[in-house]
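This is a predicted model, so every value here is computed, not measured.
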Amino acid sequence: MTAGSGVLLVLLSLSGALRAHNGDLTARETCKAGFSEEDYTALISENILEGEKLLKVSFSSCLGTKGTQYETNSVDFKVRADGTVFATRELRIPSEQVAFTVTAWDGQTAKRWDAVVRLLVAQPSSARPAHKKGKPSAGLDASQPPNDTLLPWPQHQNANGLRRQKRDWVIPPINVPENSRGPFPQQLVRIRSDKDNDIPIRYSITGVGADQPPMEVFSIDSMSGRMYVTRPMDREERASYHLRAHAVDMNGNKVENPIDLYIYVIDMNDNRPEFVNQVYNGSVDEGSKPGTYVMTVTANDADDSTTANGMVRYRIVTQTPQSPSQNMFTINSETGDIVTVAAGLDREKVQQYTVIVQATDMEGNLNYGLSNTATAIISVTDVNDNPPEFTTSTYAGEVPENQVEVVVANLTVMDRDQPHSPNWNAFYRIISGDPSGHFSIRTDPVTNEGMVTVVKAVDYELNRAFMLTVMVSNQAPLASGIQMSFQSTAGVTISVVDINEAPYFPSNHKLIRLEEGVPTGTVLTTFSAVDPDRFMQQAVRYSKLSDPANWLHINATNGQITTAAVLDRESLYIKNNVYEATFLAADNGIPPASGTGTLQIYLIDINDNAPELLPKEAQICEKPSLNAINITAADADVDPNIGPYVFELPFAPAAVRKNWTITRLNGDYAQLSLRILYLEAGMYDVPIIVTDSGNPPLSNTSVIKVKVCPCDENGDCTTVGAVAAAGLGTSAIVAILICVVILLTMVLLFVVWMKRREKERHTKQLLIDPEDDVRDNILKYDEEGGGEEDQGLRAADNDPTAPPYDSLLVFDYEGSGSTAGSVSSLNSSSSGDQDYDYLNDWGPRFKKLADMYGGGEED
């Protein structure tokens, strides 16, 4: 070996207390989708051939490998469908490792999972034969006893002969079991550089677990290069560590390039399976076939799922109740799917099962594995496997005729399916016996009974009884293979009860047509009613219910209608030429029943009304001018007994035709105007004859009062002219004005007299100071007098001119304006020295008080 060649010696020293992990365990399929490892590592040679297999990744999607595709983020490496990683071309790895990412994605769900692949370059030792090409070296195993292994760097020959090429130092991954009991620190490996023979070297490690949190999990002897673990490892806390080893001289100068150390924590079975839920709820239809899926229970184990420690298996421990079999269900040991295994599920017998499920790791080995339990509650859901059945084959009921919405019978059924569900809810229908649809069956939502209800009135005279055939079914169809029961059909007998029905008029409203003016006693028609009670011998009597004009009479026994007065189309009781009367038809049943009928009489017009003229009054100027009087003819009759009208002036008196002329404008209008040049102002009665076009025609002489007056330049009557036209002369007008002046003078004199009287009343106040006008203390003396005299006293007190009375007056007013003045100074004290002699000066009205108080002390 040439000096300074830099050959690295690696001394592997494994503690005898560490045990080996027994080989690679085949990954088993679990329900948790993903790669079996997050980080894959393999040792490879420096030179790789195209297509060379490097390692194999394991992925599970819980749906099988079908549809799973792989890809990498490196163009030099690809992954086949079975998870094999291979090189896409011939490669030479220049560094100690190559890392890339493998991605698996599910084509059905489009989900993606990633894992890291690390390829470590193994350097063969000169003291040991080289590995076969393509076969990676095994990692450091705890089962190997402590020994020294020299891994020399391979030598390459060039044109100048042999020469060692400087390269990085690499060791295989180190496997450390978790939960080791020590003692600690425990030695893992010893690292040496061949240069330590020449110079002193210091060793150190860096990375997570060394100088990064968690701190000081691993340590190294700086002089000997021995690396230790300082405490028990927990794979569930951290599954691997990546450290870097450094070699420097005493001055801190780098002697070797840093080396990567990969430490993997070997899993131990220290975690029980844990169910996601302690209680699972599922359901299965009654009558389900064996193999029917019910539900899935899931338990997770925190241990390594690629080893037996994390491989969970399921089994059913107990089933309650054990009816009809103690093994009604089974469970898939790997997936946790619970399915039926026996037939006979019947909700009407067992509605719910309670199943205890156990999950055990170590692939279900009860001797070595850890276990846990959960409860699965399986409800047996109802299916319509029980048809509804009537409790009896026949039902009976009765109904009065002419009534609807009456329940005549209740149909009871029995159904063993779940109450108030579509499998239990009854649906009734009538299959025969009711062709006219008189009945309907409604379901009581609480009792499930069928209520036979009358929806169309029945007639005793047409049907005395009904024989119905009814059938009952469920809201939901029957389950496959279940047939309807013969008890799902029953008969219903319904008797119709006869009641006294009211007579009715077949033609209601009845319309007849005739001319107005027919004489009294004329037979118009027979308005008869029909009694629907054909099986009852009853008599019908008729009477009037409404006859507004009292024009009609009806025969009480046969309904014949005659006129009781002349029918007039122009009456106020006629609307649109129609007169309407209402009649009553009553039978003598028990109880009596009655019906009404309306008779409408259409009156045809005859020419029985002469035309009239409008207006009745008008005015016109005393001299002919453009103004004239417009006249309109009106007739209460209708066409053809109305216009066109003929207007004419009578021949007598002769002054009419002399002074006036009439001109027809059209069929209904005419104009009246002066014939002479001047007519003295005044009121004139102008008769006009108007004739209609009826057959025979009718004429009428209407008198129009025309006021003739002087007019101004606009053709309007002046004020004086209007008065003159009203028939008053100048003397009459002067007399009216004098009367008005006299009336106003009398009113003025009366007002002056009232003012003077009021002034005299105020000047007659007796010894009263206006300041003593206090009116809030009123003394009422009502011991004497009474009756009608009190009214006289009160009037006398208010009138200062009235004579005094002997009886005591009632004073209800004092102060200003009172003839008595104010008596507010009086009080009820009996011990004062008050002098009351001044009461004698107040006049006769206070004589009584003067005698009582002013006469000195009483004996």
Side-chain angles (χ1 to χ4, degrees), residues 28-31 62 272-301 311-389 414-425 474-485 487-488:
R28 303 298 180 94
E29 180 182 357
T30 65
C31 287
C62 293
R272 291 180 180 273
E274 295 290 340
F275 282 94
V276 177
N277 301 306
Q278 277 303 112
V279 178
Y280 291 84
N281 292 284
S283 62
V284 61
D285 289 342
E286 62 176 330
S288 296
K289 297 179 180 180
T292 302
Y293 172 81
V294 179
M295 61 194 304
T296 298
V297 297
T298 303
N300 297 322
D301 197 314
M311 294 181 180
V312 180
R313 298 295 182 264
Y314 304 91
R315 73 185 187 95
I316 293 177
V317 179
T318 61
Q319 166 196 307
T320 305
Q322 298 180 357
S323 173
S325 169
Q326 64 180 355
N327 295 317
M328 295 298 296
F329 306 95
T330 186
I331 188 170
N332 187 304
S333 62
E334 295 187 6
T335 63
D337 293 341
I338 299 177
V339 297
T340 59
V341 72
L345 290 172
D346 190 349
R347 190 205 66 85
E348 286 71 41
K349 295 180 180 179
V350 179
Q351 298 183 6
Q352 181 177 286
Y353 290 90
T354 300
V355 176
I356 304 300
V357 180
Q358 184 182 63
T360 306
D361 58 17
M362 296 301 292
E363 297 185 276
N365 190 321
L366 297 178
N367 295 324
Y368 304 103
L370 302 177
S371 301
N372 218 334
T373 60
T375 302
I377 298 177
I378 303 174
S379 300
V380 182
T381 56
D382 185 49
V383 299
N384 195 11
D385 56 347
N386 294 282
E389 297 178 346
M414 180 184 65
D415 195 321
R416 292 186 296 274
D417 290 318
Q418 183 175 353
H420 305 289
S421 69
N423 300 328
W424 179 83
N425 295 336
N474 290 125
Q475 181 180 348
L478 289 174
S480 177
I482 305 299
Q483 301 296 327
M484 289 292 294
S485 171
Q487 293 180 331
S488 298

Pair Asn386, Asp415 - check side-chain hydrogen bond (donor to acceptor under 3.5 Å, both in side chains), show working.
CA-CA 6 Å; Asn386 294 282; Asp415 195 321; 5.4 Å; no
Within a strict 4.5 Å, meaning less than it, do heavy atoms of the [X] and [Y] side chains meet?
{"X": "Asp417", "Y": "Glu348", "answer": "yes"}
{"X": "Val380", "Y": "Asp346", "answer": "no"}
{"X": "Asn384", "Y": "Ile482", "answer": "no"}
{"X": "Asn332", "Y": "Tyr293", "answer": "no"}
{"X": "Phe329", "Y": "Thr340", "answer": "yes"}
{"X": "Met311", "Y": "Met362", "answer": "no"}
{"X": "Gln352", "Y": "Ile377", "answer": "yes"}
{"X": "Ile331", "Y": "Val297", "answer": "yes"}

Just checking, any donor-acceptor pair under 3.5 angstrom between side chains of Asn423 and Asn474?
no
If only atom types and distance count, is the side chain of Gln319 paired as donor or acceptor with the main-chain N or O of Ser325 below 3.5 Å?
yes
Counting only N and O atoms by type, is there a donor-acceptor contact under 3.5 Å from the side chain of Gln483 to the main-chain atoms of Ser485?
no
Between Val339, Ile338, Thr381, Val294, which is the residue that forms a side-chain contact (heavy atoms from CB on, under 4.5 Å) with Val284?
Val294
Considering only residues two or more places apart or on different chains, which pairs with a residue in residues 366-388 satisfy salt bridge (Lys or Arg N to Asp or Glu O under 4.0 Å)?
Arg347-Asp382
Which distance, rounded to the nearest 0.5 Å, do you find between the OH of Tyr280 and the OG1 of Thr298?
5.0 Å
